[in-house]
Amino acid sequence: MARRRKPAAAAADLVSRIERGEPGAIARALSLVTDESEGYEALLGPLFRRSGRSHKIGFCGAPGSGKSSLINRLVTCFRKAGDTVGILAVDPTSPFTGGAFLGDRLRIQEHSLDEGVFMRSLASRGMVGGLNAAIFPALHVLEAAGFDRILVETVGTGQDEVDIVEVVDTVVCVTAPYQGDEFQAMKAGTTEIADLFVVNKADLQEVDRALGAIRDALSLGPEVRAGWQVRVVPAAAATGQGVAEAAAIIDEHRASLKATGEGERRRRRQLRKELSLLVASLIARNTLERIGERHIDALLAGTTDPLTLGRALLTEEI
Amino acid sequence: MVKKTRRILIAKPGLDGHDRGAKVLVRSLRDAGFEVIYTGIRQTPEMIVRTALQEDVDVVGLSLLSGAHMTLFPRVAKLLKEAGLDGVLLLGGGIIPDADVPGLKKQGVTEVFGPGTPTGDIVSFLQKWFAEREGAGAASPAAHGKKA
């Protein structure tokens, strides 16, 4: 039984199967790292060492903008170009029941039999910011499997879902007609992080107004950031209109990342985020476990205060 | 240790566009604390099994109202097995005549839930199944049914 072997040997075996692209191994590894089940720690190092080669593309935007439908169309474009595609789609976990309906999949199901596409639905499991806490290890599984493109779909919760910018190389913000005027587009948050705006549902009326609102808002500040001019393109996932243009701009952005050195800067930012998330979770785990009734007693008695006690808990065994 | 999350795939095989039942089930399973994935309508058994594999689900629930269950359900069971997903619990629901149930059970469908089944019954069934599996898993990790 593989399970009875030493974790390192079992991990090496699983990683080599992932590298061969075995869907069962990829799926299993994704469960291990997202559930933090037994043996997952032995996987993290080998997976990390195989990361950093795929083009990671993030999709943000309000619920119902058509992120999944657009991804569905883009996958077709990428596959025609000969690229393999991994997809991680995050949907919200209920804070009340812990349950989730992971509904992105059904828009992308036409690619389910394509051996060059692997999709996994993730629940946010309490993490704010539109992602899953294990997003980096999950990405590394797909990177180790050698997918050329990895698409990450965020929950789509709203205006400040900006963690994605520290996770992927290229950020696509998906919006649609009737989602607000130029004042909406001027706000901080998701609109600041986009390398490309796709105004989806361009088959609807008012698409020109939506395009204009974003272009107006963009024109108010510096036009070019790190050698890249943020682009705005209309598309209709329902008909396929504009999708090839969006894919071409995504490629242009990838080339720009390489040419300007911005890609390197973003990679460093991703690593910093990954390390920060991990350290935060290690500290939280170690420290939170040590909080006991005696600490609450001390607070109740007024002999200390939360800040003093909190600092003491972080640095010493008390 | 066993998996902490409980993942369920609800799937609609074949040429049947009626999925209100599937959606009601998705909703009640979500509310019962499961992570639920829905394939949408008009799926082939191959699509369903490949989805189950990629999503690493514990349970596949098939809903069919067209009458093709005797062909499609066993086909899904067979493909699950071929994909190494022996540990996945396969359930059926929809318009399934009582007379067909023993045949389905013989061919890999563990339980069949017909029209009028309270969603609470299905939730209880699943909770019991997970609890038993997790209990068994704690005693012997190999009984988890997943290939390591």
Side-chain angles (χ1 to χ4, degrees), chain A residues 1-5 7 9-11 13-14 17 22-32 34-40 68 86-89 91-94 96-115 117-125 132 142, chain B residues 1-12 19 22-23 25-58 79-80 82-85 87-88 123 126 137-138 140-148:
Chain A
M1 277 269 137
R3 190 173 276 278
R4 301 221 180 275
R5 281 188 283 148
D13 179 49
L14 190 58
R17 286 173 55 210
E22 283 183 31
I26 298 169
R28 177 86 192 116
L30 284 168
S31 295
L32 283 169
T34 55
D35 285 348
E36 300 191 345
S37 347
E38 191 176 314
Y40 88 99
S68 307
I87 306 164
L88 296 174
D91 266 328
T93 295
S94 164
F96 309 107
T97 66
F101 168 42
L102 310 176
D104 296 326
R105 173 125 212 157
L106 70 102
R107 317 276 180 201
I108 307 174
Q109 199 54 1
E110 69 181 68
H111 298 289
S112 58
L113 292 180
D114 182 344
E115 300 279 336
V117 178
F118 186 102
M119 173 171 182
R120 181 62 168 260
S121 312
L122 299 175
S124 60
R125 297 189 189 166
N132 173 296
L142 296 183
Chain B
M1 201 170 112
V2 292
K3 268 174 62 163
K4 284 173 288 185
T5 47
R6 300 167 163 191
R7 288 166 70 91
I8 299 175
L9 177 68
I10 299 297
K12 290 281 301 176
D19 65 349
K23 287 177 188 161
L25 197 56
V26 166
R27 170 64 195 271
S28 44
L29 295 174
R30 185 203 79 184
D31 288 346
F34 298 104
E35 287 185 4
V36 194
I37 297 148
Y38 175 44
T39 59
I41 57 174
R42 300 194 185 109
Q43 304 287 301
T44 64
E46 286 79 4
M47 289 165 89
I48 292 167
V49 171
R50 200 165 157 82
T51 300
L53 180 72
Q54 292 186 359
E55 298 287 356
D56 198 22
V57 292
D58 308 289
L79 292 173
L80 280 173
E82 284 173 13
L85 300 174
V88 171
V123 168
L126 286 167
S140 149
H144 183 42
K146 296 261 186 220
K147 291 204 292 191

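In this text, all values refer to a predicted model and were calculated from it rather than measured experimentally.
- Checking side-chain atoms of A:Arg105 against main-chain N and O of B:Ile37 turns up no donor-acceptor pair under 3.5 Å.
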Give the C-alpha distance, both sets of side-chain angles, the deciding distance and a yes or no for side-chain contact (heavy atoms from CB on, under 4.5 Å) between A:Arg120 and B:Gln54.
CA-CA 6 Å; A:Arg120 181 62 168 260; B:Gln54 292 186 359; 5.7 Å; no

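- Contacts of B:Tyr38 with chain A are made by both backbone and side-chain atoms, with heavy-atom separations under 4.5 Å.
- Contact check for B:Thr44 versus A:Leu113: side-chain heavy atoms found under the 4.5 Å cut-off.
- A:Ser121 contributes atom OG, which lies 12.0 Å from atom CG of B:Asp56 (distance to the nearest 0.5 angstrom).
- Using a 4.5 Å cut-off between heavy atoms, A:Ser94 makes no contact with chain B at all.
- Residue pairs that meet the salt bridge (charged side-chain N to carboxylate O under 4.0 Å, His left out) test with at least one member in residues 29-49 of chain B, sequence neighbours left out, are A:Arg125-B:Glu35, B:Arg7-B:Glu35, B:Arg27-B:Asp31, B:Glu46-B:Arg75.
- Contact detail for B:Thr51 and A:Gln109: the closest heavy-atom pair is OG1-NE2, 2.7 Å.
- Interatomic distance, CD of B:Glu55 versus CG of A:Leu102, reported as 7.0 Å (0.5 Å rounding).
- Of the residues considered (B:Thr39, B:Leu29, B:Ile10), B:Thr39 shows the highest number of contacts with chain A, using heavy-atom pairs under 4.5 Å.
- Between A:Ala27 and B:Leu53, the shortest heavy-atom distance links the atoms CB-O, 2.9 Å.
- Considering CE of B:Met47 and OG of A:Ser112, their distance stands at 3.5 Å, rounded to 0.5 Å.
- Proximity to chain B (any heavy atom under 4.5 Å) is shown, for A:Glu115, by both the backbone and the side chain.
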